[in-house]
Each structure stands twice: as C-alpha cells, then as structure tokens.
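Worksheet: one structure, shown below.
Worth saying up front: this structure is predicted, and the values here are computed from it rather than measured. Residue indices begin at 1 and follow the sequence shown.
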Amino acid sequence: MMNNYKITALKMGEANVPAAEVYWMTKLYGWEMLTFWAFLIESDDRKVLLNTGFPQDYSALDALWTNWAYEAMNEHGHEPVITEDNWIVNALSQNDVTPQEITDVIITPITSYATGGLDQFPKANIWVSHKGWMDFHAPDPEIPQLPRNILFPDHVISYLVKQEAAARINLLPDEETEFLPGITSWFCGGHHRSSMLFKVKTKEGVVGLTDAVFKYRNFEDKIPLGLSESIEEHYRLFAKMEREVDLILPLYDGDIKRKHPSLTVG
C-alpha cells in the first residue's frame with residue numbers, strides 16, 4: 001500500500017499586482033498581494049518539488065511586470081519582492097533537503113517564477129505539460145506569446161537542451177494520468193497552455209494544486225483569473241475540483257500561512 005504524501009509550502013517571494021489580474025470582471029481596481037509558493041511533496045521513497053521559484057536574476061521579469069502594471073494602472077507596482085531565503089536551494093535547506101535529494105520536479109506553468117531554479121536539480125525527473133512544452137517550442141503565430149526568456153530563463157533553457165538534462169524531461173498528456181504513485185496530472189489550461197491540475201493523496205485527503213487558481217477566493221466563489229486564457233477552461237476546472245479534491249493549496253495565496261500555520265498538509 002502506498003504511503004500518503006506530506007506537502008510543505010516553501011515561500012518563493014511576493015508581488016503586489018493589479019486586482020483585475022486575479023479576479024475576472026469582479027474587482028477592476030486596486031491591488032492584490034500574491035505570495036508565490038513552491039511545494040515539497042514527500043513520501044517514504046520520493047521527494048517531489050512542485051515549481052522551483054524565481055531565478056536569482058529576475059530583472060527581465062521585473063521589467064516586464066512593472067512596465068505593464070504602470071501602463072495598466074498608471075501606478076508603480078507588480079515588483080517582485082524576493083529575499084535570499086526565498087531562493088529555492090535555501091528554502092529547501094531550511095527543511096533539511098538538498099537539491100540532490102529531489103527525485104522529481106513538476107512545473108506549472110512554464111513561466112520563470114516557476115522555472116527559475118530548474119537547473120539546480122541534477123538527479124530529478126522533470127515533469128511538464130506536453131501541450132505547454134509544444135506551445136513553447138512551436139507557438140501558434142496567431143496567438144500573442146510572452147518573451148521566451150520570461151518562460152524559461154536563458155540559463156535554464158540552455159541547461160535543458162543538454163543531453164543529461166534532456167533525458168530526464170517527461171511530457172504529461174492532457175488526459176488525467178497517475179504519473180507518480182499517488183499523484184495525478186490533468187491539463188486544465190485557463191491560466192496558460194502549460195497549466196496543470198495536480199492531485200496529491202495525503203492523510204488529510206486529496207489535495208489540489210494548480211496555478212490556474214491564484215487564491216482561495218477564485219475557487220470558493222468560482223471566479224476565473226483576470227489573466228485567464230480561457231474562461232470555459234476555468235469553469236471546467238472548478239467543477240472537477242469540486243468533485244475530486246478535499247482541499248486546495250493555491251499557488252499564490254498568502255492565506256496558506258493562516259490556514260496551515262506549520263505550512264504543512266498531511
């Protein structure tokens with residue numbers, strides 16, 4: 001019988017963003033604080049990491065975000081606030097885990113605040129959406145795209161094309177798949193073409209993890225993201241989560257600390 005997982009939230013940084021980015025057609029003014037989390041998912045024989053946080057040099061993302069926010073709001077904001085403790089290697093060290101111990105890294109979405117430390121895990125299998133991987137390598141010319149270095153920082157994509165790292169990349173299908181014992185994936189979209197829902201078995205029930213839910217309120221009040229690429233995909237995601245998960249850990253909600261003071265589930 002498979003052991004249940006324990007999930008630990010690791011803080012990767014914060015940013016105060018336009019509220020309209022978070023809540024579709026619900027809050028069109030003001031600002032909303034996002035807390036960026038990675039998650040250490042542990043069983044007796046695996047140490048899985050969901051997302052790797054910002055790169056150490058996040059200046060490209062900072063410039064993109066702050067320029068866009070000023071154009072949209074005529075105010076300064078959306079600046080990433082990241083401390084040395086938020087670097088993924090240091091965050092893991094605070095939990096007595098080294099990069100070499102990580103068996104698997106899951107990425108959702110393909111964006112540099114999730115992929116920034118991907119080159120730090122020399123033994124880990126890398127799991128990413130097939131649809132998102134193809135969208136990065138062969139983007140639809142009719143669909144606007146983020147700059148490529150905002151999806152994968154240059155040093156990370158250089159690392160991934162090397163044979164040793166490339167051999168560890170695994171592409172997840174759109175369909176629901178149990179790709180690791182007790183962890184399933186499903187393409188949910190909504191936020192990005194690389195956005196996935198992951199369901200993790202813990203002793204507290206099935207935990208849902210997805211970047212397509214920024215905050216608890218998105219799910220509780222069924223509000224798609226203001227940054228949604230598909231409103232329909234969001235509503236289908238909400239319905240699936242309502243049926244199949246016992247609790248959620250939103251990838252960008254500081255309320256995780258209030259609801260789970262130890263930052264652990266399971």
Side-chain angles (χ1 to χ4, degrees), residues 1-10 12 37-53 88-89 91-93 95-110 114-115 117-134 160 164-189 194-213 219 236-237 239-251 256 259-260 262-266:
M1 182 176 175
M2 191 213 74
N3 292 321
N4 288 321
Y5 288 94
K6 180 181 78 170
I7 304 175
T8 303
L10 310 174
M12 299 287 98
W37 301 99
F39 294 91
L40 177 63
I41 305 169
E42 298 175 277
S43 68
D44 288 344
D45 59 353
R46 306 198 84 87
K47 292 186 186 296
V48 182
L49 185 64
L50 190 148
N51 289 346
T52 65
I88 189 62
V89 175
L92 286 169
S93 177
N95 288 271
D96 299 317
V97 175
T98 67
Q100 290 75 16
E101 293 178 274
I102 298 297
T103 58
D104 303 87
V105 174
I106 304 167
I107 295 296
T108 186
I110 296 176
T115 63
L118 190 51
D119 60 328
Q120 298 298 305
F121 302 97
K123 298 180 180 179
N125 297 307
I126 299 165
W127 302 90
V128 65
S129 159
H130 180 278
K131 188 185 294 289
W133 186 255
M134 295 307 296
L160 291 176
E164 187 277 329
R168 293 185 279 112
I169 297 172
N170 301 271
L171 302 183
L172 295 167
D174 291 358
E175 299 77 22
E176 183 155 330
T177 303
E178 186 174 19
F179 65 101
L180 293 173
I183 303 179
T184 63
S185 65
W186 178 72
F187 169 77
C188 63
S194 56
S195 296
M196 303 288 285
L197 168 66
F198 296 97
K199 296 187 298 181
V200 181
K201 293 180 180 178
T202 76
K203 68 180 183 181
E204 297 182 37
V206 176
V207 177
L209 297 152
T210 175
D211 63 285
V213 172
F219 177 62
R236 294 193 186 283
L237 168 65
K240 184 176 179 68
M241 293 175 70
E242 194 79 54
R243 293 191 303 267
E244 300 178 11
V245 306
D246 298 301
L247 61 101
I248 68 167
L249 292 172
L251 268 60
I256 284 179
K259 290 175 177 284
H260 306 282
S262 67
L263 294 180
T264 61
V265 171

Where [X] and [Y] come nearest, the two heavy atoms and their spacing:
X      : Y      : result
Ile88  : Ala38  : CD1-CB, 4.1 Å
Ala9   : Trp37  : CB-CE3, 3.6 Å
Ser129 : Phe187 : OG-CD1, 4.4 Å
Ala212 : Leu237 : CB-CD2, 3.6 Å
Lys203 : Gly266 : CE-C, 3.4 Å

List the residues meeting side-chain hydrogen bond (donor to acceptor under 3.5 Å, both in side chains) with [X], not counting sequence neighbours, and say none if there are none.
X      : answer
Ser185 : none
Asp211 : Thr108, His191, Ser195
Asp96  : none

Please list, chain by chain and in numerical order, all residues satisfying salt bridge (Lys or Arg N to Asp or Glu O under 4.0 Å) with [X], sequence neighbours excluded.
X      : value
Asp104 : Arg46
Glu204 : none
Glu101 : none
Asp174 : Lys131

Determine yes or no for a side-chain-to-main-chain donor-acceptor pair under 3.5 angstrom, with [X] supplying the side chain and [Y] the backbone.
X      : Y      : value
Thr202 : Val265 : no
Ser194 : Pro109 : no
Thr52  : Ala114 : yes

Does any non-hydrogen side-chain atom of [Y] lie less than 4.5 Å from one of [X]?
X      : Y      : value
Val105 : Asn125 : no
Leu197 : Met241 : yes
Leu263 : Ile256 : yes
Leu49  : Phe39  : no
Leu172 : His130 : no
Val200 : Val48  : no
Leu249 : Ile7   : yes
Val207 : Ile248 : no

Suppose we screen for ring pair (Phe, Tyr, Trp, His ring centres under 6.0 Å). Which residues come up paired with Phe198, at least two apart in sequence or across chains?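 So Phe198 forms a ring pair (Phe, Tyr, Trp, His ring centres under 6.0 Å) with Phe179.
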
Contacts of [X] that satisfy side-chain contact (heavy atoms from CB on, under 4.5 Å) - sequence neighbours left out:
X      : result
Lys123 : none
Ala165 : Tyr159, Arg168
Pro173 : Glu175, Thr177
Glu42  : Lys6, Thr8, Leu40, Lys47, Val97

Give a yes/no verdict on a cation-pi contact between Lys240 and Trp186, requiring under 6.0 Å between NZ or CZ and the six-membered ring centre and an angle within 45° of the axis.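 Verdict for Trp186: a cation-pi partner in Lys240.
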
If you measure from [atom1] on [X] to [atom2] on [Y], what distance do you get to the nearest 0.5 Å?
X      : Y      : atom1 : atom2 : result
Thr98  : Leu92  : OG1   : CG    : 8.5 Å
Phe121 : Ile102 : CZ    : CD1   : 6.0 Å
Leu180 : Asp45  : CG    : CG    : 10.0 Å
Asn95  : Thr264 : CG    : OG1   : 9.5 Å

Worked verdict on Gln100 versus Gln120 for side-chain contact (heavy atoms from CB on, under 4.5 Å): CA-CA 8 Å; Gln100 290 75 16; Gln120 298 298 305; over 6 Å; no

For a side-chain contact (heavy atoms from CB on, under 4.5 Å) check, start with the C-alpha distance between Asn170 and Val128, then their side-chain angles and the critical distance, and finish with the verdict. CA-CA 6 Å; Asn170 301 271; Val128 65; over 6 Å; no

